[in-house]
> 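Below: one structure in structure tokens.
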Amino acid sequence: MKARTKTIYVCQSCGTQSPRWMGKCPDCSQWNSMVEERAEKSKNVGSLKRRDGSEPLLLGDVEAKDEDRFVTKIGELDRVLGGGIVAGSVVLIGGDPGIGKSTLVLQMLKQISELRGRAFYVSGEESPAQIKMRALRLGVKTENLYVLSETQLEDILHAADGLQPQVLVVDSIQTIYTSELPSAPGSVGQVREVAGRLMIHAKRTGMPTFLIGHVTKDGAIAGPRVLEHIVDTVLYFEGDKGHAFRILRAVKNRFGSTNEIGVFEMKENGLAEVANPSEIFLAERPSDATGSVVVSSLEGTRPILAELQALVTLSKLTMPRRTCIGVDFNRVSLLLAVLEKRIGMHLMGMDVFVNVVGGLAIDEPAVDLGIIAAVASSFREKPINAETVVMGEVGLAGEVRGISQAEVRLKDAAKLGFTRCVLPAMNVEKMEKRDVFKRMELMGVRSVDEAMERLF
Ligand code: TYD
Ligand code: MG
């Protein structure tokens, strides 16, 4: 008897597989999300495997060598990649539609085609003419950049094999499909299959491959995170559409640190690197305004100074409003409770708004004391000295706890002309070369109370 083609049912929301159809996914409880897909044939994979290197080796005999890398000379991008593009690696760049992913990769391809040779840009979203328009805007004049408008994976791989480019970019993995699966492009099955095949292709040919992925409504790439574990590196391109700043963040990187960020500014003719983000985030800071304070947030190895603003106003609502942009809501609620209980500040009948200027999002406990200072400053209507930076983590008992890498942050602040810093006493005590900060007045504090005294 002829065996039937095996199919499985895959939840389009979380990727759970089942041999039978179910109305509700047992894992993510989503209704009506199971879609029939062809079961992957395992015999294909065997023939694609590389034969060499499959013998077990003694670790002592393994030659230690760095990965084969090349740089794009876009410093912010190279750093996030861990020092350049690794041969045979697959990098996923995720982000909201319209944030600038296509612009970024086109600028990268421009560099590569000028520095190294052929680069190949496959778009499933735009026609060659549209790509050309964008390229003109970005000043891409190279002879070595090839483009293709195509959505079928097999054709893309065929074209890439013929061209042998230094880098292959597939713009939006959600638009590409393989004819081996019956489901529509963009479904979890297709996205996973296409990414898997591109991964095998990259490893076999050594061709670095970049995949662009739109973040879907729930914040996951292509449905939920189905790609993150397949690829080598995951970068997110983030930013507020109303602001020109874009941050490229490594979420996973097999060839480098995941702590790095790259900062760009979207301009008329493409993305420009921002070498010193602090300067820009502080550029329009009002002097002597209440509720404004400068905090330091460590992004990877890089400290960024940002302005944090708070506004405390009398509320007309039974449930006073708490609005936070760029900082965690729960964190702010907690800190307001500390202010209320430990300092005796009556915020009960007050609306409190907290905002990080420039569309930056800070997710670090070291800004706790900054939030407290900003709220207190607005509440008391007393401005904080414009040359003061505030940092420190705050505990529920109102104690100020030490933060990581205080010296790095201080150096950055000193460079930008700040002369005073309120920081955890513990950090001041532990500091080895205090004379580096001769021109900086370091005010170590142990509690929120003490910090208030120093600030106002
Ligand atoms: P795009 O790269 O198409 O975003 P994505 O690929 O992530 O969907 O960028 C789209 C936005 O960037 C669009 O709103 C216009 C803006 N933009 C500029 O401001 N300057 C430029 O030089 C370019 C090419 C785009
Ligand atoms: Mg795009």
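Here, residue 1 is the first one in the sequence, and each next residue gets the next number. Only this structure's heavy atoms are used, side chains among them; waters, hydrogens and symmetry mates stay out.
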> So Val91 and Thr209, do their side chains get closer than 4.5 Å, heavy atoms only?
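A side-chain contact is absent here, since even the closest heavy-atom pair is not under 4.5 Å.
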> Say you draw a straight line from OG1 of Thr178 to CG of Leu198; how long is it, rounded to the nearest 0.5 Å?
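Spacing of OG1 (Thr178) from CG (Leu198) equals 10.0 Å.
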> Go through the steps for Ile304 and Ile261 under the test side-chain contact (heavy atoms from CB on, under 4.5 Å), then give the verdict.
CA-CA 11 Å; Ile304 292 186; Ile261 66 160; 3.7 Å; yes
> Measuring from atom CD of Glu126 to atom OG of Ser149, what distance do you get when rounded to the nearest 0.5 angstrom?
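Rounded to the nearest 0.5 Å, the CD-OG separation comes out at 8.0 Å.
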> Between Lys73 and Asp78, is there a salt bridge with N-O shorter than 4.0 Å?
no
> Would you say the side-chain atoms of Asp412 and Ser278 include a donor-acceptor pair closer than 3.5 Å?
yes
> Please evaluate residues Val352 and Leu336 with respect to the criterion side-chain contact (heavy atoms from CB on, under 4.5 Å), reporting the C-alpha separation (whole Å), side-chain torsions for both, the decisive distance (0.1 Å), and the verdict.
CA-CA 9 Å; Val352 179; Leu336 294 182; 4.1 Å; yes
> Considering all heavy atoms of both residues, which atom of Val354 and which atom of Val375 are nearest to each other, and what is their separation?
CG2-CG2, 4.3 Å
> Near Leu396 CG, under 6.0 Å, is it more than 12 heavy atoms from other residues, nucleotides or ligands?
no
> Please evaluate residues Phe237 and Leu271 with respect to the criterion side-chain contact (heavy atoms from CB on, under 4.5 Å), reporting the C-alpha separation (whole Å), side-chain torsions for both, the decisive distance (0.1 Å), and the verdict.
CA-CA 12 Å; Phe237 206 34; Leu271 292 157; 3.9 Å; yes
> With distance as the sole criterion, is a donor-acceptor pair present between the side chains of His243 and Glu265 under 3.5 Å?
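No, because no side-chain N or O of His243 sits under 3.5 Å from a partner of the opposite role on Glu265.
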> Taking C-beta and beyond as the side chain, do Phe264 and Leu248 meet within less than 4.5 Å on heavy atoms?
yes
> State, with a plain yes or no, whether a side-chain heavy atom of Arg192 is found less than 4.5 Å away from one of Ile230.
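Of all side-chain heavy-atom pairs linking Ile230 with Arg192, at least one is under 4.5 Å.
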> Does a side-chain N-to-carboxylate-O contact under 4.0 Å join Arg420 and Glu387?
no
> Output the distance between atom SG (Cys324) and atom CG (Asn355), rounded to the nearest 0.5 Å.
9.5 Å
> Can you confirm whether the side chains of Lys252 and His229 place a donor and an acceptor under 3.5 Å from each other?
no
> Under 3.5 Å, is there a donor-acceptor pair between the side chain of Lys203 and the main chain of Gly88?
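Answer holds: yes.
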> Which atom pair, heavy atoms only, marks the closest approach of Arg69 to Leu81?
NH1-O, 3.6 Å
> Regarding Ser89 and Asp232, do their side chains bring together a donor and an acceptor under 3.5 Å, going by distance alone?
no
> Taking atom NZ of Lys141 as the centre, does the number of heavy atoms from other residues, nucleotides or ligands within less than 6.0 Å exceed 12?
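Check fails, neighbour count at 12 or below.
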> Can you establish whether the number of heavy atoms outside Met133 located under 6.0 Å from its atom CE is more than 12?
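Counting other residues, nucleotides and ligands, CE of Met133 stays at 12 neighbours or fewer.
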> Atom CG of residue position Asp363 - does it have more than 12 heavy atoms of other residues, nucleotides or ligands inside 6.0 Å?
no
> Using side-chain contact (heavy atoms from CB on, under 4.5 Å), reason through Met108 and Ile85 one step at a time and then give a plain yes or no.
CA-CA 11 Å; Met108 174 186 87; Ile85 300 173; 4.2 Å; yes
> Counting distance only, does the side-chain N/O of Ser292 pair as donor-acceptor with the main-chain N or O of Ala289 below 3.5 Å?
no
> Does a donor on one side chain and an acceptor on the other come within less than 3.5 Å for Ser102 and Asp171?
yes
> State, with a plain yes or no, whether a side-chain heavy atom of Ser29 is found less than 4.5 Å away from one of Lys24.
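Sidechains of Lys24 and Ser29: in contact.
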> Are the side chain of Glu76 and the backbone N or O of Val263 linked by a donor-acceptor pair below 3.5 Å?
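Side chain of Glu76 to backbone of Val263, a donor-acceptor pair under 3.5 Å: yes, one is there.
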> I'd like to know whether CZ of Arg134 has more than 12 heavy-atom contacts from other residues, nucleotides or ligands below 6.0 angstrom.
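Yes, the 6.0 Å shell around CZ holds more than 12 heavy atoms from other groups.
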> Given side chains that start at C-beta, do those of Ile372 and Leu339 come closer than 4.5 Å, heavy atoms only?
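With C-beta onward as the side chain, the pair touches.
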> Using modelled atom types only, decide if a donor and an acceptor are shared between the side chain of Arg446 and the backbone of Ala425 within a distance under 3.5 Å.
no
> Counting only N and O atoms by type, is there a donor-acceptor contact under 3.5 Å from the side chain of Lys110 to the main-chain atoms of Val105?
no
> Under 3.5 Å, is there a donor-acceptor pair between the side chain of Ser377 and the main chain of Gly291?
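Indeed, once roles are kept as given, a pair shorter than 3.5 Å links the two residues.
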> Identify the heavy atoms of Tyr236 and Glu228 that sit nearest to each other, and give their distance.
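Heavy atoms of Tyr236 and Glu228 come nearest at OH-OE2, 2.6 Å.
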> Can Glu307 and Gln309 be said to form a side-chain hydrogen bond (donor to acceptor under 3.5 Å, both in side chains), step by step?
CA-CA 6 Å; Glu307 183 190 348; Gln309 294 183 328; 2.9 Å; yes
> Do Val169 and Leu109 have side-chain heavy atoms sitting under 4.5 Å apart?
yes
> Kindly compute the distance separating CD1 (Ile8) from OG1 (Thr16), expressed to the nearest 0.5 Å.
11.0 Å
> Under a 4.0 Å N-O cut-off, is there an ion pair linking Arg246 with Glu238?
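Here Arg246 does not pair with Glu238 in a salt bridge, since their nearest N and O are not under 4.0 Å apart.
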> For Glu399, is there an ion pair with Arg401 - N to carboxylate O distance below 4.0 angstrom?
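Answer for the salt bridge query: yes.
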> Look up atom OG in Ser296 and atom NZ in Lys411, then write down how far apart they are to the nearest 0.5 Å.
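With rounding to 0.5 Å, OG (Ser296) is 13.0 Å from NZ (Lys411).
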> May I ask you to decide if Leu138's main-chain N or O and Asn269's side chain share a donor-acceptor pair within less than 3.5 Å?
no
> What is the distance from atom CD1 of Ile93 to atom CG of Leu235, rounded to the nearest 0.5 Å?
5.5 Å
> Are Asp449 and Arg454 within salt-bridge range, i.e. N to O under 4.0 Å?
no
> Looking only at heavy atoms, which two atoms of Leu423 and Met431 are closest? And how far apart?
CD1-CE, 4.3 Å
> Do Thr258 and Val251 have side chains that approach each other closer than 4.5 Å (heavy atoms only, starting at C-beta)?
no
> Are Arg197 and Glu193 close enough for a salt bridge, meaning some N to O gap below 4.0 Å?
yes
> State whether Glu364 and Arg331 are salt-bridged, where the test is any N-O pair (Lys NZ or Arg NE/NH1/NH2 against Asp/Glu carboxylate O) under 4.0 Å.
no
> Does Glu150 use its side chain to pair, donor to acceptor, with the backbone of Gln152 at less than 3.5 Å?
yes
> Apply side-chain hydrogen bond (donor to acceptor under 3.5 Å, both in side chains) to residues Glu125 and Ser172 and explain how you reach the verdict.
CA-CA 7 Å; Glu125 300 184 341; Ser172 144; 3.0 Å; yes
> Would you name the heavy atoms of Phe120 and Ile156 that are closest together and state the gap between them?
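Nearest heavy atoms, Phe120 then Ile156: CE2-O, 4.4 Å.
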> Does Glu260 reach the main-chain N or O of Arg79 with its side chain, forming a donor-acceptor pair under 3.5 Å?
no
> Taking all non-hydrogen atoms of both residues, which atom of Gly100 and which atom of Met266 are closest, and how far apart?
CA-CE, 3.8 Å
> Would you say the side chain of Met34 lies within less than 4.5 Å of the side chain of Cys11, judging by non-hydrogen atoms?
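Yes, their side chains come closer than 4.5 Å.
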> Check whether any side-chain N or O of Ser378 sits under 3.5 Å from a backbone N or O of Val312 as a donor-acceptor pair, and report yes or no.
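Present.
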